[in-house]
*Asks:* 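Take a look at the following structure, please.
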Amino acid sequence: MQQVIGIDLGGTAIKLGRFTADGNCLQSLSVNTPQPATPEAVLSTIVDAIAQIDPNNESIAIGLGTPGPADATGRIAKVAINLIGWHDVPLADWLEAKTGKPTILANDANCAGLGEAWLGAGRSFPNLILLTLGTGVGGAIILDGKLFVGHQGAAAELGLISLNPDGPMCNSGNQGSLEQHTSISAIRRRTGKEPAELGALAQAGDPEALTFWQEYGKDLGIGLTSLLYVLTPQAIIIGGGVSASFEFFLPSLTAEIEKRVLPTSRAGLQILPAELGNAAGMVGAAKLALTIRQICVS
């Protein structure tokens, strides 16, 4: 029975799982990300954790999601958000040298997309978009069942597309990006409240909270309009912390898409909440590991 390791590297925690080729998680573990999270410290922590979840050395490959872009070959962590000293770190080479196992890297949102496409809300759709609504807004594109990373590996920065040319400045250098209207920090700026608080208020029928989520869904729908015209996916999967209020912003999101997108570009479109939660990145990293071993996964 072939087994692989999936790893989700985050700023505060590193999640690891040992998976079979059909997606069964045999063992999982979460460890604290070392502080400061230098590349060398993170490498040591990951190697120790792999030894814990794979004591008999049964896995044959490693996939790892990083909080930032990887290069197109999946070898180098180009930048890692909120981690110290991460610039062009050859993490795949380092892990291979320490473990003897083929290793591949991808952006964490791409891994989440792969996870949802494999075992989550997107498992019935060869063509889908994942949008993660959290501290930032990330995304992933799956085309014909394969992760699309683009020419240099940096494709699918879906949160950085333009929404309002006169909107707030974005760290990317863009102005009025989708992220600047739909991230957690954007929600705080717009309302002075946390998304969870707004969700609870909406659940209780608070008119202001319900109006906010209606406006939020409209903004999200406008942003997704551009992506739908370019990609015509079968499904849009919405994940991240803000997706807890999916039921409150879905109606206006759907209405905006139906108003703005030709029926031919949205035929049969499903808009669904993500299913795997915080495990999506780890699951997708395992799927990534399976691809480098050319293992057939159903």
Side-chain angles (χ1 to χ4, degrees), residues 5-18 27-55 59 62-101 103-112 115 132-140 149 152-154 157 159-160 169-173 179-180 183-186 188-189 194 239-241 277-286 288-289:
I5 303 289
I7 304 171
D8 182 14
L9 169 60
T12 58
I14 304 170
K15 295 183 280 292
L16 306 91
R18 178 162 53 94
Q27 193 171 349
S28 63
L29 176 67
S30 180
V31 297
N32 292 330
T33 304
Q35 303 299 332
T38 62
E40 295 78 10
V42 167
L43 174 69
S44 177
T45 300
I46 288 174
V47 171
D48 289 346
I50 289 172
Q52 291 182 59
I53 65 165
D54 189 15
S59 61
I62 298 169
L64 189 147
T66 69
D71 72 323
T73 62
R75 308 296 302 165
I76 297 170
K78 296 183 72 64
V79 179
I81 311 302
N82 299 324
L83 301 183
I84 302 296
W86 285 71
H87 298 284
D88 294 326
V89 175
L91 189 57
D93 289 345
W94 289 1
L95 273 172
E96 287 180 355
K98 292 284 188 180
T99 65
K101 303 178 194 297
T103 301
I104 187 168
L105 313 178
N107 169 268
D108 52 5
N110 283 342
C111 285
T132 57
L133 306 171
T135 305
V137 174
V149 297
Q152 295 289 343
E157 290 287 358
L160 303 185
M169 285 301 300
C170 180
N171 291 335
S172 65
E179 181 172 282
Q180 289 301 310
S183 66
I184 289 174
S185 56
R188 289 173 182 151
R189 186 183 66 244
E194 296 295 320
N278 289 332
M282 179 181 72
V283 171
L288 198 65

*Asks:* Go through the steps for E194 and R188 under the test side chain to side chain contact (heavy atoms under 4.5 Å, CB included), then give the verdict.
*Replies:* CA-CA 6 Å; E194 296 295 320; R188 289 173 182 151; 2.8 Å; yes
*Asks:* Restricting to non-hydrogen atoms, name the atom on R75 and the atom on T103 that form the minimum distance, rounded to 0.1 Å.
*Replies:* NH1-O, 2.9 Å
*Asks:* Any side-chain heavy-atom pair from T33 and T45 closer than 4.5 angstrom?
*Replies:*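 Contact flag for T33/T45 side chains = no.
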*Asks:* Looking at CE of M282 and CD1 of I7, how far apart are the two atoms once the value is rounded to the nearest 0.5 Å?
*Replies:*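 Nearest 0.5 Å value for the CE-CD1 distance: 10.5 Å.
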*Asks:* If I take atom CG from residue D93 and atom NZ from residue K98, how far apart are they, to the nearest 0.5 angstrom?
*Replies:* 13.5 Å
*Asks:* For S30 versus A13, what's the shortest heavy-atom pair and its separation?
*Replies:*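 Result for this residue pair: OG-CB, 3.9 Å.
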*Asks:* Under the side chain to side chain donor-acceptor pair (under 3.5 Å) test, which residues partner N278, sequence neighbours left out?
*Replies:*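 Expected list: none.
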*Asks:* If I compare all heavy atoms of L160 with all of C170, which pair ends up nearest, and what's the gap?
*Replies:*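 Shortest heavy-atom contact: CD2-SG, 3.7 Å.
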*Asks:* So do the side chains of T135 and S185 get within less than 4.5 Å of each other, counting heavy atoms only?
*Replies:* no
*Asks:* Nearest heavy-atom pair of K101 and S59: which atoms, and what distance?
*Replies:*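 It is NZ-O, 2.9 Å.
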*Asks:* Taking the side chain as C-beta and beyond, is there a heavy-atom pair between W94 and P39 under 4.5 Å?
*Replies:* yes
*Asks:* With a 4.5 Å cut-off on side-chain heavy atoms, are L16 and D54 touching?
*Replies:* no
*Asks:* Hey, is the main chain of V137 close enough, under 3.5 Å, to the side chain of E179 for a donor-acceptor pair?
*Replies:* yes
*Asks:* With sequence neighbours excluded, tell me which residues meet side chain to side chain contact (heavy atoms under 4.5 Å, CB included) with Q52.
*Replies:*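 If we apply the side chain to side chain contact (heavy atoms under 4.5 Å, CB included) test to Q52, skipping adjacent residues, the hits are L29.
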*Asks:* Once salt bridge (Lys or Arg N to Asp or Glu O under 4.0 Å) is applied, what residue pairs with a partner in residues 32-45 remain, sequence neighbours excluded?
*Replies:* none
*Asks:* Rounded to the nearest 0.5 Å, what separates atom CD in Q35 from atom CG in L83?
*Replies:*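 One finds 8.0 Å between CD of Q35 and CG of L83.
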*Asks:* Rounded to the nearest 0.5 Å, what's the gap from CZ on R189 to CD1 on I184? Could you check?
*Replies:* 13.0 Å
*Asks:* Between G139 and A109, which heavy-atom pair has the shortest distance, and what is it?
*Replies:*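 Shortest heavy-atom contact: O-CB, 3.4 Å.
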*Asks:* Does any part of the side chain of L9, heavy atoms only, come nearer than 4.5 Å to the side chain of D108, both counted from C-beta?
*Replies:* no
*Asks:* Please examine the side chains of Q152 and D71, heavy atoms only from C-beta on, and report whether any two atoms are closer than 4.5 Å.
*Replies:* no
*Asks:* Search all heavy atoms of P90 against all heavy atoms of I76 and return the closest pair with its distance.
*Replies:* CA-CG1, 4.2 Å
*Asks:* Rounded to the nearest 0.5 Å, what's the gap from CG on D8 to OG1 on T66? Could you check?
*Replies:* 9.5 Å
*Asks:* Measure the spacing between CG of N110 and CG of L105 and express it to the nearest 0.5 Å.
*Replies:* 12.0 Å
*Asks:* How about L64 and I46: do any of their side-chain heavy atoms sit closer than 4.5 Å?
*Replies:*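 SC-SC contact between L64 and I46 confirmed.
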